[in-house]
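What follows is a set of notes on a single structure, which appears directly below.
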Amino acid sequence: MGKKTSQSEHAVMQHASDIDYDVPLKSDSALQRDKLSRKGYAGIAAAALRKVPSSAGLVVSIEGAWGSGKTSALAMIEALLLEDEELASPLIVHFNPWLVGDKDALLRHFLSRIASAVRLNDHSRDGKKVAKEIKAYAKVFDLVKLIPGAEPWASMIKSVVEAAGEATGAVSEYKTPDIEAYKLRVEEALRKFDRPIIVFIDDIDRLFPLEVFEMVRIIKAVGGLPRLGYVVAWDSVYVSGALERLGVPQAASYLDKIVQVRMPLPSLSLVARRKLIEDALDGLDPEALRQRFRNQDDRLGSLYHSGLRDLLEQPRDVARVFNAVRMMEPLLRDEIVFADILGLAALSVKAPAVFDLLRKKPRLFVGALPDDVTILKKPEEVIKEGAEERQMAFEISGAASAAKRVVHFLFPGVASADDSFSLGKGTYVEGNISHPAKLAIALQLSVTDGDVSIKAARQYLQDPAQRESVVAGLASENCDEFIDLLGEVGESLRGEGITDLDELCVSIARLVEKPLFVDRATSNRRALRLRIEDMALRAVSLLAGATDKERIPAISKLIATDSVAISCAAEVVTRSYVAGRDRYSDGIELLAKDRGKVLRTFSENVLEAARLEKLLKMNHAGFILWTMARVAPQECPALFGVLRASDSTLDQFALYYLGGGWDSSKGNSYSLPRDVSLHEVYCPLADFKSHATARLQDASLQYPERAAWRSVVEGTRLYGIDGTEARH
């Protein structure tokens, strides 16, 4: 039960335009839009760059992890530099090596970019001279392949160089001194230039290792040119690692030889992180944060302090996580509390190994799932067994401590298994993914027609006036799961909001006879399902046991004598009075007292249902007939007479009373009861065989009815699908 998938998809598409594309700040508005309080940091870098000497260059590195805001920091530095008086303001050049795409052309493109910027922005005589000399120097290096271990001006030329007619000839004509001469002319022109040139170089940590090496060599080669200041933005860990992989000696300290001022970006303050997350929350669709669950805001605050704040280390982390939320939340709205959606999104982005383990092995986080009927271990035992796998996932993902704290909040059972405290600990709320059914919905990122809403289950349990409308919203795909969920949610409520326990338990037993449940139970697809009456009685047991355990005997008796819930009544009666069946009690109180009164009322209810022609339309009509034969055989002839009066063929009676076997490939099979004492309970066996023979004379009689009557005459078990013998 849940929202239509089309509505969910529409909600996603409606708000896809709100995706945060993680665009860095621009220099014209960077100072005004600074959310991370980094103006002071940018000011230190700008102050150093204003002092680029006329005799040498200066390299400043802005260092930080991927997504930490390096590009935005460059924009703020540029904005501060441009605040100087016009004549003193530097000439700004932007170079992004990631856009070049050819490591052999990096130097040429780099120098050409500087020359072009000078030519376009400074028309003075000295400016034109600088542009000309740098352009010539760049053309000398056109098609030059840099050789590791040699400076660019001492590199070998790999082919004939053509530079506007100024640099032509065979390879042998170009020696190191020629290239050095070009460099000297550039230095002379720059010393006469009265404006510093500041080159901003970004995205070095996006390059492949060989390209990183070439770019670092270029910075080292031209970093000493006078009046030139360089601001490079990179992840120093990645850059050092790239150099190390290429065999550069002492790669970790190599950058210190190139950069005069290294400036690691300051970590996000707690205030800045909170502000970023608050702004991201404000940017969501208002419907995402509308109150749908109790204590929703408190849960969000608890998640923030339970690892989320520490897990989102960089500005880009916040953008990526909330982009994931924008995709997930509309699909899970009304089913999962927002804090849990946010926590799940954070794990998917920042701890992918943990999220992958959660998807593949959810039992390691919540214990047995709703359909794990063969897992007899307690949830805490299953969760405890997953400690090693969870720890490996935490360590692989990085930020292990923060990721673990988020998991502990979302799944208090994991926190208990790890002997840790969890702010998320408490009773299940209908929107928490710590509930196995909710986790299943969250991991498939939508509520499909086959899912059951815990909210609807809770409404059924707590609001008697809404029960019929809740049931009307069920589908054949989820009616079994709905009954199962009633027990789980009822147990978690511990009586909260339940005002009519007796009537509620009887109503659950009566659900079994609803046409929707009957159709589901009598369909041929039975291999993966338990009997619905067993599930209903288990739900009653869980609900009553957690609400008022002392009422279980009285509730059991009410169900056994109810005139509507006859399938469940037959179960209670059988478990109570038929030898060998009590071991399946599932917590339902066995009826030791008032046997005569209970059986008399049960028999009367069965007879009345037959008179009203309802008996053979019930969920487990065959089991009811079998129960009558066991506990009230003296009433069976009268019952047989009523059934024969309403259907002289007795075909339906034969299908239900003789049907007892089932095979996953061939379906139902039919035979007389194995207990010979039951052969003549309803009528003499000779009369029954005579009727069977007569029915088989009817040429229009089809299978499975023909198989049922043949089994009586032939004394063997036959499959209803084709009348072949069932050997078991």
Side-chain angles (χ1 to χ4, degrees), residues 268-278 280-281 284 288-313 317-318 321-322 324-325 328-329 332 335-351 354-355 357-358 362 364-367 379-380 382-384 386-387 390-391 393-394 397-439 441-443 454 458 489 491-494 496:
L268 288 183
S269 67
L270 297 183
V271 173
R273 293 190 196 195
R274 186 180 70 246
K275 184 66 167 62
L276 283 176
I277 294 174
E278 287 175 345
L281 289 169
L284 294 175
L289 297 173
R290 184 168 63 80
Q291 290 290 329
R292 292 178 171 83
F293 305 97
R294 293 175 305 157
N295 303 321
Q296 178 171 308
D297 290 340
D298 291 343
R299 187 162 179 81
L300 184 58
S302 296
L303 172 66
Y304 175 76
H305 291 283
S306 296
L308 181 69
R309 176 186 65 189
D310 302 314
L311 192 59
L312 305 187
E313 302 173 280
D317 295 338
V318 177
V321 166
F322 275 85
V325 168
M328 294 167 60
E329 186 276 331
L332 300 174
E335 292 296 330
I336 308 296
V337 68
F338 177 81
D340 288 32
I341 298 174
L342 176 56
L344 199 63
L347 291 176
S348 71
V349 171
K350 289 292 293 176
V354 177
F355 183 74
L357 181 64
L358 180 60
L364 302 188
F365 295 80
V366 296
E380 53 268 29
V382 179
I383 295 171
K384 191 78 172 178
R390 288 193 303 270
Q391 185 59 37
F394 288 135
S397 294
S401 176
K404 180 181 288 188
R405 290 169 58 206
V406 170
V407 168
H408 284 175
F409 174 81
L410 295 174
F411 305 102
V414 175
S416 297
D418 294 343
D419 296 323
S420 297
F421 173 75
S422 170
L423 284 176
K425 188 174 183 179
T427 58
Y428 283 143
V429 176
E430 57 265 37
N432 291 10
I433 62 173
S434 54
H435 191 291
K438 279 302 181 188
L439 179 60
I441 289 173
L443 292 177
I454 293 182
R458 184 167 182 162
V489 176
E491 183 181 34
S492 71
L493 290 174
R494 301 290 173 185
E496 179 187 349

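Just so you know, residue 1 is the first one in the sequence shown, and it goes up from there. Remember, it's a predicted structure, so these values are computed and weren't measured experimentally.
- Taking every heavy atom of both residues into account, L311 and A399 meet most closely at CD1-CB, 3.9 Å.
- A salt bridge links E313 with K350; the closest basic N to acidic carboxylate O contact falls under 4.0 Å.
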| query | Passes side-chain contact (heavy atoms from CB on, under 4.5 Å), L300 versus L281? Steps please. | reply | CA-CA 11 Å; L300 184 58; L281 289 169; 4.2 Å; yes
| task | Apply the test side-chain contact (heavy atoms from CB on, under 4.5 Å) to residues F409 and L308: give CA-CA distance (whole Å), side-chain angles for both, the deciding distance (0.1 Å), then the verdict. | result | CA-CA 10 Å; F409 174 81; L308 181 69; over 6 Å; no
| request: Verify side-chain contact (heavy atoms from CB on, under 4.5 Å) between I433 and F411, making sure each step is shown before the conclusion. | output: CA-CA 8 Å; I433 62 173; F411 305 102; 3.6 Å; yes
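- Scanning all heavy atoms of the two residues, the minimum distance from V414 to F365 falls at CG2-O, 3.6 Å.
- What you find for A351 and A403 is that their closest heavy atoms are CB-CB, 3.9 Å.
- Taking every heavy atom of both residues into account, A280 and V318 meet most closely at CB-CG1, 4.0 Å.
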| field | side-chain contact (heavy atoms from CB on, under 4.5 Å) between V337 and R292, worked out | value | CA-CA 8 Å; V337 68; R292 292 178 171 83; over 6 Å; no
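- Contact check for R273 versus D310: side-chain heavy atoms found under the 4.5 Å cut-off.
- A side-chain contact (heavy atoms from CB on, under 4.5 Å) with L358 holds for exactly one of L410, V366, L439, V407; it is L439.
- In terms of modelled atom types and a separation under 3.5 Å, the side chain of S416 and the main chain of P412 share a donor-acceptor contact.
- In this structure, R299 and D340 have side chains that are in contact, with non-hydrogen atoms separated by less than 4.5 Å.
- One finds the CG atom of L347 at 8.0 Å from the CZ atom of F394 (value rounded to the nearest 0.5 Å).
- Across all non-hydrogen atoms, the minimal contact from H408 to S422 is O-OG, 2.6 Å.
- For the pair E496 and R458, the minimum side-chain heavy-atom distance is below 4.5 Å.
- Here the side chains of K438 and E335 are in contact, with some heavy-atom distance below 4.5 Å.
- A heavy-atom distance below 4.5 Å is not found between the side chains of F293 and N432.
- Within the model, atoms CD of Q296 and CG of L289 stand 7.0 Å from one another, a figure rounded to the nearest 0.5 Å.
- Taking CG of L342 as the reference point, atom OH of Y304 lies at 11.5 Å (rounded to 0.5 Å).
- At a threshold of 4.0 Å, the pair E380-K384 does not count as salt-bridged, since none of the basic side-chain nitrogens sits closer than that to a carboxylate oxygen.
- Rounding to the nearest 0.5 Å gives a distance of 11.5 Å between CZ of F322 and CG of D317.
- Here the side chain of S348 pairs no donor or acceptor atom with the backbone of F355 at under 3.5 angstrom.
- Distance alone, capped at 3.5 Å, is enough to place a donor-acceptor pair between the R390 side chain and the I383 backbone.
- E329 places no side-chain N or O within 3.5 Å of a backbone atom of A324 that could act as its donor or acceptor partner.
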| request: Check the pair Q391 / D418 against side chain to side chain donor-acceptor pair (under 3.5 Å), numbers first and verdict last. | output: CA-CA 10 Å; Q391 185 59 37; D418 294 343; over 6 Å; no
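- The shortest heavy-atom contact between M328 and A345 is SD-CB, 3.9 Å.
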